[in-house]
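Let me begin by presenting the structure, written as structure tokens, before commenting on it.
It should be emphasised that the depicted structure is a prediction, and the values quoted were computed from it without experimental measurement. Keep in mind that the numbers below use all heavy atoms, side chains included, and drop hydrogens, waters and symmetry copies.
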Amino acid sequence: MSADSTIMLRRNFKHTFRNPTAVFNSVLFPVVIMVMFVYVIGGAFDVGVNYVDYAAPGMIVLAISYGLSATSTAVNSDMTKGIINRFKVMDISRGAVLTGHVIASLLRSVIAVAAIVGVGLLMGFRPSAGWLEWLAVVGFVVLVCFATSWFTVALGLFAKTPESAGLATVPLVMLPFLSSAIVPADTMAAGVRQFAEYQPFTPIIETLRGLLTGTPSAGTAIEAIAWCVGIGLVGYLWALATFKKRA
């Protein structure tokens, strides 16, 4: 990481910790959602295993999704409030501005995922993954965070206002709810089931679920990785093009 990117990362983290709403949405709210689903309505679902074991992988992806709004809003604020113009007259790499936001988003998501896993273990989550599967889980989570962060940065640059930038991430927050995160896709009604099966978050969640249970599927993992690479590449190219145009 370059010195400029490190400075931007430190700046973004300071802004995050000064914003209690961003901290709550990124870290605490996913934990609240997990507690609600497992203890309040989890007993109504028959998924063949302990519900917290089934739900934890989906909650990990939800934790990643819930932190994206703060990234999109922060990027757009930099563009619309003149901060970028100040950076342009300083000896700072333009790419470091975007990289700083991406790395800050990634680290924020990793903290949220760690909180989900920790609370899940307290609630009875008992993954059967070996150390190799855990290494794969960590690497895969980083890949998902990296891909979604670049796509979110692109959304923030594309939006006209910080408010619309926050709203632009709503589909990324809602898609995990319409996947296999809460219940298996094959239990859903026709139409919704097909949507859940073919949207990107279902193979991502199923790959995490397979790794955590020690039964990963190569086909599902390849599909999930392909989705992540595609999302990340689109986000990266879109972000660079928009940044060059607006900055």
Hydrophobic cluster membership, [X] vs [Y], 4.5 Å side-chain cutoff:
| X | Y | result |
| --- | --- | --- |
| Leu121 | Val31 | yes |
| Trp134 | Ile205 | yes |
| Ile222 | Leu143 | no |
| Ile182 | Val40 | yes |
| Tyr39 | Met59 | yes |

Would a 4.5 Å heavy-atom cut-off, applied to side chains only, mark Ser72 and Thr152 as touching? yes
Non-hydrogen side-chain atoms of Thr73 and Ser77 separated by less than 4.5 Å: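 In short, these two side chains touch, coming nearer than 4.5 Å.
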Any donor-acceptor pair under 3.5 Å from Thr80 side chain to Thr161 backbone: no
Check: Leu172 main-chain N/O paired with Ser65 side-chain donor or acceptor under 3.5 Å: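 Yes, Ser65 side chain to Leu172 backbone: donor-acceptor pair under 3.5 Å.
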Side chain to side chain contact (heavy atoms under 4.5 Å, CB included) evaluation trace for Trp150 with Ile231: CA-CA 8 Å; Trp150 269 113; Ile231 291 170; over 6 Å; no
Test Leu157 against Asn76 for side chain to side chain contact (heavy atoms under 4.5 Å, CB included), laying out the working first. CA-CA 5 Å; Leu157 291 170; Asn76 188 269; over 6 Å; no
Quick check: closest heavy atoms across [X] and [Y], and the distance to 0.1 Å?
| X | Y | value |
| --- | --- | --- |
| Ser179 | Gln199 | CB-NE2, 3.4 Å |
| Ser105 | Ser149 | OG-OG, 2.9 Å |
| Ala168 | Leu155 | O-CD1, 3.7 Å |

Could you check Asp53 against Thr213 for side chain to side chain contact (heavy atoms under 4.5 Å, CB included), going step by step and ending with a plain yes or no? CA-CA 9 Å; Asp53 291 333; Thr213 57; over 6 Å; no
So Val141 and Ile60, side chain to side chain contact (heavy atoms under 4.5 Å, CB included) or not? Walk me through it. CA-CA 9 Å; Val141 165; Ile60 288 173; 4.3 Å; yes
Is the number of heavy atoms from other residues, nucleotides or ligands under 6.0 Å of Phe140 CZ greater than 12? yes
Tyr54 OH: over 12 foreign heavy atoms closer than 6.0 Å: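 Check passes, neighbour count above 12.
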Enumerate the residue pairs fulfilling ring pair (Phe, Tyr, Trp, His ring centres under 6.0 Å) with a member in residues 157-201, sequence neighbours excluded, ordered by first and then second residue. Phe158-Trp238
Ser217-Glu206 side chain donor-acceptor pair, cut-off 3.5 Å: no
When rounded to the nearest 0.5 Å, the distance separating OG of Ser128 from CG of Leu211 is 10.5 Å
Spacing of CE belonging to Met34 relative to CZ belonging to Phe125, to within rounding of 0.5 Å: 7.0 Å
